[in-house]
Trainee: 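The structure follows.
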Amino acid sequence: MKYLMIVCIDPTIDPTIDPTIDRTDDTGRLDVDAWVAEMDGRGVRLEGRPLEPGDATTVRVRGGETLISDGPFAETKELMVGYDMLDCKNLDEAIEVASKHPLARRGAMELRPFGED
């Protein structure tokens, strides 16, 4: 089963304060590369990309008029910063994979079943 994992962070959470967050160095950079290597090795991560949280254009159509806003628009404090396409046996495996992502400690991993082609 394929799942789209939307990677979100809460920018108010400082990763350098939490000693349980894995890092690659003393700068507080999260070790996402290790997660990517493990999931690629397991064959469950099909693809993924980081996204710039403020680099978006929001498009709406209201009353026949196209409304465009610079930047993302969401009624949330979390910012979408990436995605990964997963191919897991079931939702339990997808949850296990998502829970291992280092950014899960700073935000949320949203899993959505991905429709068949």
Side-chain angles (χ1 to χ4, degrees):
M1 176 94 186
K2 291 182 182 172
Y3 292 90
L4 176 65
M5 183 176 79
I6 301 169
V7 180
C8 300
I9 64 163
D10 181 342
T12 65
I13 297 175
D14 183 354
T16 61
I17 293 174
D18 186 346
T20 66
I21 296 177
D22 300 326
R23 296 173 192 71
T24 57
D25 54 33
D26 294 333
T27 67
R29 191 172 74 82
L30 298 175
D31 193 2
V32 175
D33 293 340
W35 179 87
V36 168
E38 178 185 346
M39 298 313 152
D40 284 353
R42 287 174 51 179
V44 297
R45 182 177 172 273
L46 302 177
E47 71 169 273
R49 301 279 186 278
L51 302 170
E52 288 297 323
D55 191 15
T57 301
T58 301
V59 178
R60 291 181 178 78
V61 177
R62 301 291 185 270
E65 182 181 351
T66 301
L67 307 172
I68 301 169
S69 302
D70 288 334
F73 181 83
E75 295 291 333
T76 179
K77 64 181 176 181
E78 293 175 337
L79 303 171
M80 187 170 93
V81 296
Y83 77 92
D84 290 280
M85 181 62 67
L86 307 176
D87 189 7
C88 298
K89 291 179 284 198
N90 51 39
L91 180 58
D92 289 336
E93 183 181 28
I95 291 169
E96 180 262 330
V97 167
S99 70
K100 286 186 167 187
H101 196 293
L103 292 178
R105 295 173 184 89
R106 284 196 66 200
M109 304 292 116
E110 183 176 318
L111 294 168
R112 295 189 182 202
F114 203 76
E116 297 297 321
D117 294 335

Trainee: Ignoring hydrogens, what is the shortest heavy-atom contact between Cys88 and Val44? Give both atom names and the distance.
Mentor: SG-CB, 4.3 Å
Trainee: With sequence neighbours excluded, what pairs up with Arg42 under the salt bridge (Lys or Arg N to Asp or Glu O under 4.0 Å) test?
Mentor: Glu38, Glu93, Glu96
Trainee: If we only count heavy atoms from C-beta on, is the Asp10 to Glu78 side-chain gap below 4.5 Å?
Mentor: yes
Trainee: If you define the side chain from C-beta out and look only at heavy atoms, does anything of Pro113 sit under 4.5 Å from Met1?
Mentor: yes
Trainee: Ignoring hydrogens, what is the shortest heavy-atom contact between Trp35 and Met5? Give both atom names and the distance.
Mentor: CH2-CE, 3.6 Å
Trainee: Do the non-hydrogen side-chain atoms of Asp87 and Tyr3 ever get within less than 4.5 Å of each other?
Mentor: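 Heavy-atom side-chain distance check fails, nothing below 4.5 Å.
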Trainee: Run the side-chain contact (heavy atoms from CB on, under 4.5 Å) test on Asp84 and Val7 for me, step by step, so that the C-alpha distance in whole Å, both residues' side-chain angles and the decisive distance to 0.1 Å come before the verdict.
Mentor: CA-CA 8 Å; Asp84 290 280; Val7 180; 3.8 Å; yes
Trainee: Side chains of His101 and Val32: does their closest heavy-atom pair fall under 4.5 Å?
Mentor: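 Of all side-chain heavy-atom pairs linking Val32 with His101, at least one is under 4.5 Å.
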Trainee: Work out which heavy atom in Ala98 is nearest to a heavy atom in Ala104; give both atom names and the distance.
Mentor: O-CB, 3.8 Å
Trainee: If you round to the nearest 0.5 Å, how far is CZ of Arg105 from CD1 of Ile9?
Mentor: 14.5 Å
Trainee: Hey, could you give me the CZ/OG1 distance between Arg60 and Thr66, rounded to the nearest 0.5 Å?
Mentor: 12.0 Å
Trainee: Could you check Arg45 against Glu47 for salt bridge (charged side-chain N to carboxylate O under 4.0 Å, His left out), going step by step and ending with a plain yes or no?
Mentor: CA-CA 6 Å; Arg45 182 177 172 273; Glu47 71 169 273; over 6 Å; no
Trainee: Could you check whether any side-chain heavy atom of Thr57 comes within less than 4.5 Å of a side-chain heavy atom of Ile68, counting everything from C-beta outward?
Mentor: yes
Trainee: Look up atom CD in Glu110 and atom CD1 in Ile6, then write down how far apart they are to the nearest 0.5 Å.
Mentor: 4.5 Å
Trainee: Please examine the side chains of Leu111 and Ile95, heavy atoms only from C-beta on, and report whether any two atoms are closer than 4.5 Å.
Mentor: yes
Trainee: For residues Val81 and Leu51, determine if any side-chain heavy atom of one lies less than 4.5 Å from a side-chain heavy atom of the other.
Mentor: no
Trainee: Nearest 0.5 Å please: distance from the CE atom of Met109 over to the SG atom of Cys8.
Mentor: 7.0 Å
Trainee: Hey, does Leu4 have a side-chain heavy atom less than 4.5 Å from the side chain of Tyr83?
Mentor: yes
Trainee: Rounded to the nearest 0.5 Å, what separates atom CD1 in Ile13 from atom CZ in Arg106?
Mentor: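 With rounding to 0.5 Å, CD1 (Ile13) is 7.0 Å from CZ (Arg106).
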